[in-house]
There are 2 protein chains.
Amino acid sequence: MAKVDTSLVAHLPLFAGMTPEALDEILREARSARYPRNSAIFEQGADAQCFFLLLHGHVRAAKTTPAGEQIVVRYVAPGETFGLAMAIGAARYPATATAVDDSVVLIWPTSAWPRLVERFPALAANTLQTVGTRLQESHTRILEMSTQQVEQRIAHALLRLAKQSGKKLDHGIEIDFPISRQDIAQMTGTTLHTVSRILSGWESQGLVESGRQRIILREPHRIVVLAERSADNGAA
Amino acid sequence: MAKVDTSLVAHLPLFAGMTPEALDEILREARSARYPRNSAIFEQGADAQCFFLLLHGHVRAAKTTPAGEQIVVRYVAPGETFGLAMAIGAARYPATATAVDDSVVLIWPTSAWPRLVERFPALAANTLQTVGTRLQESHTRILEMSTQQVEQRIAHALLRLAKQSGKKLDHGIEIDFPISRQDIAQMTGTTLHTVSRILSGWESQGLVESGRQRIILREPHRIVVLAERSADNGAA
DNA sequence: CAACCAGTTTGCGTTAGCGCAAAACAGGGT
DNA sequence: ACCCTGTTTTGCGCTAACGCAAACTGGTTG
């Protein structure tokens with residue numbers, strides 16, 4: 001089994017407050033794997049045999065309705081865990097995970113979780129922290145969907161992506177993984193048509209520069225203004 | 001300090017897998033309090049000095065935007081915990097909690113949490129389970145808001161309330177705490193006007209019976225049909 | 001018992017955003 | 001270099017739901 005360098009992951013929230021020996025012991029139970037761009041990591045409904053830690057790349061977690069409509073639950077950035085079905089006592093994955101870029105992950109068998117938690121209680125505490133934060137973010141998203149209109153939601157979504165996975169450019173920030181209009185629509189609860197129209201509008205105002213699965217925020221500050229503008233204080 | 005009967009709470013998920021002695025020790029750190037109907041338990045943004053376990057009554061957790069709009073995050077039923085800001089490492093409550101009915105709660109000081117978790121690791125594991133479940137429910141809600149129309153969302157919301165806090169009647173199920181049209185609107189991301197219109201419609205079809213802060217589902221099965229109907233297979 | 005008040009109902013005009021359809025576009029593979 | 005496929009753009013009509021305004025209801029209070 002390939003050895004994982006502890007120094008690369010020691011600083012992650014998941015391992016906060018752990019001794020190097022503990023970390024070493026935990027990592028010994030993991031294997032690593034590479035997923036090429038656009039490959040499935042696991043499918044919604046499959047039994048949750050493993051949980052994951054993303055080392056490199058980007059992963060999209062999406063949920064599908066019986067009718068086949070999808071929403072993006074979140075984009076996973078390097079250093080984050082995903083596929084934690086066992087944390088909530090679920091036997092099956094509640095969402096589908098896809099590598100949107102060539103990705104490298106650490107993989108633990110779900111069966112190892114109880115033992116690891118027993119031996120390293122900090123693991124449960126740290127995971128609780130993470131899951132709690134995600135719950136908050138979820139609530140914020142619900143709040144936005146309930147109270148803001150589409151343009152503002154898209155602005156927020158892009159700013160969040162920029163913060164989480166933005167690559168600083170000379171002038172602007174680029175979302176550094178492939179993302180389509182459709183994906184943004186599924187993050188914000190709208191349609192790809194509406195997203196396209198809005199981004200076109202922004203592009204003609206010089207706020208963004210975008211193309212095939214590529215988005216650069218040229219004027220982040222002005223986008224923040226859009227995001228925070230309430231329903232009535234529209235354009236002058 | 002009033003003594004709490006362990007047998008009343010021993011079966012709760014929060015205390016799963018704990019010895020009676022452990023439970024006793026945990027309960028010794030708690031005090032109990034009573035909140036009359038419509039009284040505030042804590043406010044969004046206040047520092048999170050305590051966390052709570054609801055024994056009797058019902059509590060509404062709501063989040064407010066800077067602009068003053070509200071959404072209902074969830075209704076807390078007896079046996080559930082709330083105000084777990086410390087679980088996610090937040091210093092302040094992310095939402096406001098209000099007793100919607102005369103309620104009795106157990107209260108622990110947030111400061112006791114680290115010690116309790118260290119002494120009883122199962123506490124963290126159980127809480128993780130709970131928070132994880134709530135995260136899933138959140139995602140389901142986002143999915144619904146993205147893909148379903150208002151009538152279906154309201155149907156789902158009422159069915160959920162009925163399941164969580166429904167009182168079985170001879171014919172039908174009554175939501176057994178006061179809930180207004182406005183509240184339902186804030187749960188489903190719509191306006192009280194729209195909720196009122198839809199409930200009026202249902203009432204004239206005999207699906208529900210409702211009045212001032214009171215709702216009885218008379219035909220739960222037919223409401224399930226409404227909830228599951230996809231966008232296109234409308235009325236015959 | 002009357003006045004009040006919070007919650008509810010309903011009508012009506014408006015509109016943000018959807019849905020369909022079709023065209024333009026951009027890569028990647030052979 | 002060319003085709004093929006997946007993505008993006010844009011036009012146009014439509015409608016679900018909003019927003020405002022006004023009337024109504026039933027429980028509570030002085």
Side-chain angles (χ1 to χ4, degrees), chain A residues 36-38 67-71 98 100 102 144-155 157 175 177-205 208-216 226 229-232 234-235, chain B residues 36-38 60 67-71 98 100 144-155 175 177-205 208-216 226 229-235:
Chain A
R37 182 170 166 186
N38 287 330
E69 292 149 305
Q70 278 200 339
I71 61 148
T98 312
V100 293
D102 291 353
E144 285 178 5
M145 289 191 62
S146 300
T147 61
Q148 306 186 324
Q149 36 202 85
V150 172
E151 184 171 35
Q152 297 166 57
R153 301 206 302 265
I154 294 176
I175 312 283
F177 57 84
I179 184 166
S180 70
R181 306 291 185 260
Q182 175 77 62
D183 293 321
I184 295 169
Q186 291 174 346
M187 296 179 73
T188 51
T190 181
T191 64
L192 82 164
H193 303 274
T194 299
V195 173
S196 179
R197 280 181 244 271
I198 286 172
L199 287 187
S200 292
W202 290 0
E203 187 133 25
S204 68
Q205 294 169 57
V208 302
E209 200 180 314
S210 75
R212 207 186 174 64
Q213 317 218 73
R214 218 181 92 266
I215 301 179
I216 300 171
L226 283 187
R229 163 161 101 193
S230 73
D232 40 64
Chain B
R37 181 169 166 187
N38 288 330
R60 179 184 56 227
E69 293 149 305
Q70 277 201 339
I71 61 149
T98 312
V100 294
E144 286 178 5
M145 290 191 62
S146 300
T147 62
Q148 306 186 326
Q149 36 202 87
V150 172
E151 185 172 34
Q152 299 166 57
R153 302 207 300 266
I154 294 175
I175 312 284
F177 57 85
I179 183 166
S180 71
R181 306 291 184 261
Q182 175 78 65
D183 292 323
I184 295 170
Q186 291 174 347
M187 296 179 73
T188 52
T190 180
T191 63
L192 83 163
H193 305 275
T194 299
V195 173
S196 180
R197 281 181 243 273
I198 285 173
L199 287 187
S200 293
W202 290 0
E203 188 133 22
S204 68
Q205 294 169 56
V208 302
E209 199 179 315
S210 76
R212 207 186 174 66
Q213 315 216 80
R214 218 182 92 266
I215 301 180
I216 300 171
L226 283 186
R229 161 163 102 195
S230 73
D232 41 64
N233 62 344

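Not measured: the values here are computed from a predicted model. Note: hydrogens, waters and symmetry copies are ignored here, and every other heavy atom, side chains too, is used. Sequence lines set the chain letters: A, B, ... in the order given, protein chains first and strands last, and positions in each chain run from 1.
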Worksheet item: Which salt bridge (Lys or Arg N to Asp or Glu O under 4.0 Å) pairs, counting each pair once, include a residue from residues 182-201 of chain A, with sequence neighbours left out?
Response: R60(A)-D183(A)
Worksheet item: Closest to the S210(A) side chain: dG7(C), dT9(D), dA17(D)?
Response: dT9(D)
Length of the line joining [X]:[atom1] and [N]:[atom2], which is rounded to integer Å:
X	N	atom1	atom2	answer
Q213(A)	dT5(D)	CD	P	17 Å
I215(B)	dT9(C)	CD1	C1'	14 Å
E209(A)	dT9(D)	CD	P	13 Å
L192(A)	dT9(D)	CG	C1'	10 Å
M145(A)	dA16(C)	CE	C1'	15 Å
E151(B)	dA17(D)	CD	P	8 Å
Q148(A)	dG17(C)	CD	C1'	16 Å
E203(B)	dT8(C)	CD	P	12 Å

Discussion item. How bent is the helix from dC1(C)-dG30(D) to dT30(C)-dA1(D), measuring the angle between the end axes built from five pairs each, rounded to 10°?
Written reply: 40°
Discussion item. If you assign G211(B) and T191(A) each to the DNA chain C nucleotide with the nearest heavy atom, which residue ends up on the more 5' nucleotide?
Written reply: G211(B)
Residue list, side chain to side chain donor-acceptor pair (under 3.5 Å) with [X], at least two apart or on another chain:
X	value
Q205(A)	none
T194(A)	T191(A)
E209(A)	R218(A)
Q148(A)	H156(A)

Worksheet item: Listed in order of residue number, which residues of residues 180-189 of chain A have a non-hydrogen atom at under 4.0 Å from DNA chain D?
Response: S180(A), R181(A)
What residues, two or more places apart in sequence or in another chain, satisfy side chain to side chain contact (heavy atoms under 4.5 Å, CB included) together with [X]?
X	result
E151(B)	I198(B), W202(B), L226(B), R229(B)
A185(B)	T190(B), V195(B)
D102(A)	R34(A), P36(A), R37(A)

Worksheet item: How far apart are the closest heavy atoms of S180(A) and Q213(A), and which atoms are they?
Response: CB-OE1, 3.8 Å
Worksheet item: Strictly by modelled atom types, are E203(A) and S210(A) linked by a side-chain donor-acceptor pair under 3.5 Å?
Response: yes
Practice prompt. Examine distances only and state if a side-chain atom of R153(A) and a backbone atom of G189(A) form a donor-acceptor pair shorter than 3.5 Å.
Written response: yes
Practice prompt. Taking S200(B) for its side chain and S196(B) for its backbone only, find out whether a donor-acceptor pair lies under 3.5 Å.
Written response: yes
Item to complete: Kindly indicate, with the supporting measurements, whether the criterion side chain to side chain contact (heavy atoms under 4.5 Å, CB included) is fulfilled by I184(B) and L192(B).
Response: CA-CA 7 Å; I184(B) 295 170; L192(B) 83 163; over 6 Å; no
Worksheet item: Under 4.5 Å between any side-chain heavy atoms of M187(A) and I71(A), yes or no?
Response: no
Worksheet entry | dC18(D) phosphate, OP1 or OP2, under 4.0 Å from T190(B) side-chain N/O | yes
Worksheet item: Just by protein heavy atoms under 4.0 Å, how would nucleotides 22-30 of chain D read 5' to 3' in B, S and -?
Response: ----B----
Worksheet entry | Proximity to DNA chain C (any heavy atom under 4.0 Å), residues of residues 194-202 of chain A only | T194(A), R197(A)
